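Below, chains carry the letters A, B, ... as their sequence lines are ordered, and counting in each starts from 1. For clarity, every value in this text was computed on a predicted model and none was experimentally measured.
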There are 2 protein chains.
Amino acid sequence: MSEQTIKVAIVEDDREILQSLVAIIDGSPGFVCRQYYSSCEAALDALCSAPPNLVLMDIGLPGMSGIEGVRRLKERQPTLDCVMLTIQDDDDSVFQSICAGATGYLMKNTPPSQLLQAIEDVYKGGSSISAAIARKVIGSFQQTAPSPLSTREAEILGLLCDGDNYRMIAEKLFVSGNTVRAHIKNIYKKLHVNSRAQAVRVALRDRLV
Amino acid sequence: MSEQTIKVAIVEDDREILQSLVAIIDGSPGFVCRQYYSSCEAALDALCSAPPNLVLMDIGLPGMSGIEGVRRLKERQPTLDCVMLTIQDDDDSVFQSICAGATGYLMKNTPPSQLLQAIEDVYKGGSSISAAIARKVIGSFQQTAPSPLSTREAEILGLLCDGDNYRMIAEKLFVSGNTVRAHIKNIYKKLHVNSRAQAVRVALRDRLV
DNA sequence: CGATCAATTACCCATTTGGGGTATTTCGGT
DNA sequence: ACCGAAATACCCCAAATGGGTAATTGATCG
């Protein structure tokens with residue numbers, strides 16, 4: 001079962017790179033590349049009517065970018081895995097790709113053995129991202145600045161995010177509504193906001209809850 | 001420079017696993033393990049006064065869990081990299097660990113060669129997470145359900161998240177405040193909420209903006 | 001061609017919110 | 001012993017919000 005051939009499609013505008021990729025894939029047992037395109041426009045319909053197991057997508061394509069390509073592709077084929085192939089690894093490209101639906105993100109200079117390993121990982125339900133990119137993704141989960149809020153304030157902010165109003169919060173914390181108001185005023189001052197909506201946004205963004 | 005010895009500390013309560021880990025690390029050129037502990041309580045002070053390059057931390061420890069251990073450790077030594085070592089890979093443990101500050105997350109059955117590779121990756125500023133775990137982390141960035149909102153509603157929800165009130169939204173969109181109110185009522189219905197705070201929370205959670 | 005829905009406008013009214021104050025108690029640090 | 005931060009509690013009042021109802025226009029879909 002693990003020896004099933006993995007059908008890979010490639011979208012890449014550089015003819016040389018495309019050919020060398022096809023050669024690597026097609027020349028390796030267990031992998032086959034029968035679909036390759038030089039633009040998203042050319043690839044989209046074909047990939048939707050005859051979906052491969054996995055798509056290697058260049059980011060820097062002329063016309064529609066690989067990121068937009070993935071977005072369109074995933075709209076029509078949500079189960080199709082896409083791995084970005086790129087020269088730049090700037091944060092923006094990484095996160096945009098991931099949000100667009102990419103399952104992996106590889107540098108173009110990845111050695112063939114790792115490339116094949118990555119394809120196999122994705123095929124098996126994993127995700128192929130390099131150590132450096134994984135760190136960036138993980139870093140986005142971790143809060144850097146320490147919370148400026150007191151314990152009580154953080155508690156109240158949490159209830160604020162749940163949509164509770166003064167009265168509900170007061171009841172849950174066994175204090176008066178006036179006290180809740182006083183705390184919320186302090187929270188707003190500390191977060192430099194002046195409405196619930198903004199407070200919730202900051203709270204979620206900075207993981208204060 | 002790449003041949004510098006990496007000092008690894010281990011926190012693991014199972015004596016056998018601990019010994020085999022120490023043997024692997026210490027027996028490999030370029031790696032050394034001089035600090036090993038069977039509980040977070042025992043490790044914390046020692047690791048802060050004589051920080052290694054990297055800590056391998058078991059999650060299922062008696063007493064303080066490895067996740068809490070990482071949290072405390074990172075409070076005092078924010079630059080110290082921690083890699084979780086665990087038998088379970090349930091979503092909760094993964095995300096809790098990452099949010100607590102872990103840089104990597106490995107299964108205990110990871111073969112020695114990959115373990116050493118992972119340690120080296122982290123030491124070089126990367127992040128060692130297995131393909132399966134990377135997929136979970138990446139998946140958390142990707143919206144699954146299509147947005148139930150119309151273009152206009154999504155637009156207004158975005159401004160709502162910015163903290164704009166009716167009047168400000170109305171001015172930005174060149175419509176009346178009453179229209180904005182009507183849209184917001186529809187948004188609330190579709191998102192099953194009844195306040196701005198809840199709407200913002202859902203919008204950010206489901207990436208509707 | 002009728003049905004439906006998105007977008008738009010409008011109004012009423014009770015409740016909630018936010019900004020401005022003031023004050024007491026408790027607790028940890030200097 | 002004193003100070004400041006945190007937590008508690010209260011006042012007034014203008015503005016914003018949320019729920020209800022209703023009507024018009026345009027586009028899209030059977």
Side-chain angles (χ1 to χ4, degrees), chain A residues 72 75-76 143 145-209, chain B residues 48 71-72 75-76 143 145-209:
Chain A
R72 307 255 182 118
E75 269 176 25
R76 294 205 267 165
Q143 69 178 22
S147 169
L149 302 180
S150 72
T151 317
R152 196 55 152 179
E153 286 162 354
E155 192 178 10
I156 288 177
L157 184 56
L159 295 171
L160 226 48
C161 290
D162 291 341
D164 289 8
N165 60 25
Y166 293 145
R167 192 163 25 75
M168 295 161 87
I169 296 175
E171 281 165 14
K172 287 183 187 174
L173 300 186
F174 306 107
V175 296
S176 83
N178 288 309
T179 302
V180 174
R181 286 213 49 209
H183 281 301
I184 290 181
K185 281 192 237 185
N186 286 330
I187 292 171
Y188 286 2
K189 277 205 181 70
K190 287 184 179 178
L191 300 186
H192 308 296
V193 301
N194 55 8
S195 75
R196 278 169 129 73
Q198 290 176 319
V200 170
R201 182 166 106 295
V202 172
L204 297 179
R205 168 166 54 77
D206 296 350
R207 302 207 158 65
L208 301 177
V209 284
Chain B
C48 288
R71 202 187 319 279
R72 306 255 182 117
E75 269 176 25
R76 294 206 267 167
Q143 69 179 19
S147 170
L149 302 181
S150 73
T151 318
R152 195 57 154 180
E153 287 162 354
E155 193 178 9
I156 289 177
L157 184 55
L159 295 170
L160 226 48
C161 290
D162 291 340
D164 289 8
N165 61 24
Y166 293 144
R167 191 165 24 76
M168 295 161 86
I169 297 176
E171 281 165 14
K172 287 184 187 173
L173 299 186
F174 306 107
V175 296
S176 82
N178 286 310
T179 302
V180 174
R181 290 211 47 207
H183 283 302
I184 290 181
K185 282 184 213 181
N186 286 330
I187 292 171
Y188 287 1
K189 275 205 182 70
K190 288 184 180 177
L191 301 186
H192 308 297
V193 302
N194 54 9
S195 75
R196 276 167 129 73
Q198 290 176 318
V200 171
R201 182 165 106 295
V202 172
L204 297 178
R205 167 164 55 80
D206 296 351
R207 303 209 155 64
L208 301 177
V209 287

Exercise. Can you check whether A:S176 has a side-chain N or O nearer than 4.0 Å to OP1 or OP2 of D:dC10?
Worked result: yes
For this session: Look at A:T179 and D:dA7 and indicate whether a side-chain polar atom (N or O) is within less than 4.0 Å of OP1 or OP2.
Result: no
Exercise. Less than 3.5 Å between a donor and an acceptor, one on the side chain of A:K185 and one on the base of C:dG20, is that the case here?
Worked result: yes
Exercise. Do A:R152 and A:V175 come close enough that some side-chain heavy atom pair is under 4.5 Å?
Worked result: yes
Seminar exercise, completed: Which of D:dT17, C:dT8, C:dA10 is nearest the side chain of B:N165? It is D:dT17
Problem set entry | Nearest listed nucleotide, side chain of B:R196, among C:dT9, D:dT17, D:dA9 | D:dT17
Exercise. Rounding to a whole Å, what distance do you find between B:D164:CG and D:dA16:P?
Worked result: 12 Å
Exercise. Distance-only, no hydrogens or angles: does the B:N165 side chain make a donor-acceptor pair with backbone N or O of B:R167 under 3.5 Å?
Worked result: yes
Problem set entry | Between C1' of D:dA6 and CD of A:E153, the distance in whole Å | 8 Å
Exercise. Rounded to whole angstrom units, what separation is found between the CD1 atom of B:I184 and the P atom of D:dG18?
Worked result: 7 Å
Problem set entry | Given C:dT8, D:dG18, D:dA7, the nucleotide with the shortest approach to the side chain of B:V175 | C:dT8
Problem set entry | Nearest-angstrom distance from the residue atom OH of A:Y188 to C1' of D:dA16 | 12 Å
For this session: Return the value, rounded to whole Å, for the distance between atom NZ of A:K189 and atom P of D:dA6.
Result: 13 Å
Seminar exercise, completed: Scanning both residues in full, the closest heavy-atom pair of A:I187 with A:L157 reads CD1-N, 4.1 Å
Exercise. D:dA6 phosphate, OP1 or OP2: any side-chain N/O from A:H183 under 4.0 angstrom?
Worked result: no
Problem set entry | Base C:dG18 paired with A:R181 side chain (donor-acceptor, <3.5 Å) | yes
For this session: Could you please spell out the steps behind the side chain to side chain contact (heavy atoms under 4.5 Å, CB included) verdict for B:R196 and B:I184?
Result: CA-CA 9 Å; B:R196 276 167 129 73; B:I184 290 181; 4.3 Å; yes
Exercise. So, A:R72 and A:E75, do they make that salt bridge, N to O below 4.0 Å?
Worked result: no
Exercise. Are the side chain of A:Q198 and the backbone N or O of B:C161 linked by a donor-acceptor pair below 3.5 Å?
Worked result: no
Exercise. Counting side-chain heavy atoms from C-beta on, which of C:dG19, D:dT8, D:dG18 comes nearest to B:Y166?
Worked result: D:dG18
Problem set entry | Atom-to-atom span, CD1 of B:I169 to C1' of C:dT9 - whole angstrom | 17 Å
Exercise. So does A:N178 get a side-chain nitrogen or oxygen closer than 4.0 Å to the phosphate oxygens (OP1/OP2) of D:dC10?
Worked result: yes
For this session: Please determine, for the side chain of A:K190, which listed nucleotide (D:dC10, D:dA6, C:dT17) has the closest atom?
Result: D:dA6
For this session: Measure the distance from NE2 on A:H192 to P on C:dG19 and round it to the nearest whole Å.
Result: 14 Å
Exercise. Within less than 4.0 Å of OP1 or OP2 of C:dT8, is there a side-chain N or O belonging to B:R152?
Worked result: yes
Seminar exercise, completed: Whole-Å distance, B:N186 CG to C:dC5 P, equals 12 Å
Exercise. Below 4.0 angstrom from OP1 or OP2 of C:dA7, is there any side-chain N or O of B:S150?
Worked result: yes
Exercise. When the nearest nucleotide of DNA chain D is assigned to B:N194 and to B:A182 on a heavy-atom basis, which residue is associated with the more 5' position?
Worked result: B:N194
